[in-house]
Enquirer: 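Following this message is one structure expressed as structure tokens.
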Amino acid sequence: MAMVSTTSHSAVALRLLAEITARYGSLDAFCVRLRRESEAPTVVLPRVVEPTSLTSGHHPAGSALSSALPRFGGRHAPAEG
């Protein structure tokens with residue numbers, strides 16, 4: 001039974017190697033690209049802060065805005081896009 005498991009693992013490894021070499025040309029080229037992408041700096045997106053006065057109803061325009069926005073589970077629905 002161990003032989004079947006080893007054979008299937010070998011087949012999977014060979015299939016992965018074939019796919020990597022087909023896409024990247026060689027295992028070395030794949031490793032270089034993987035290293036380059038893992039070392040790239042992370043892009044930090046700015047945090048969007050919603051002013052509480054606009055949605056809490058404390059401001060006249062805020063109460064109109066708050067009532068005009070669709071609700072989702074007790075919160076405003078996420079923006080589509």
Enquirer: Can you name the nearest heavy-atom pair linking I20 to L27, along with the distance?
Expert: CG2-CD1, 4.1 Å
Enquirer: Show the numbers, then the answer: is there a salt bridge (charged side-chain N to carboxylate O under 4.0 Å, His left out) between E39 and R35?
Expert: CA-CA 6 Å; E39 293 171 354; R35 249 183 253 111; 5.9 Å; no
Enquirer: Taking atom CG of D28 and atom OG1 of T21, what is their separation to the nearest 0.5 Å?
Expert: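 Going from the CG atom of D28 to the OG1 atom of T21 covers 12.0 Å.
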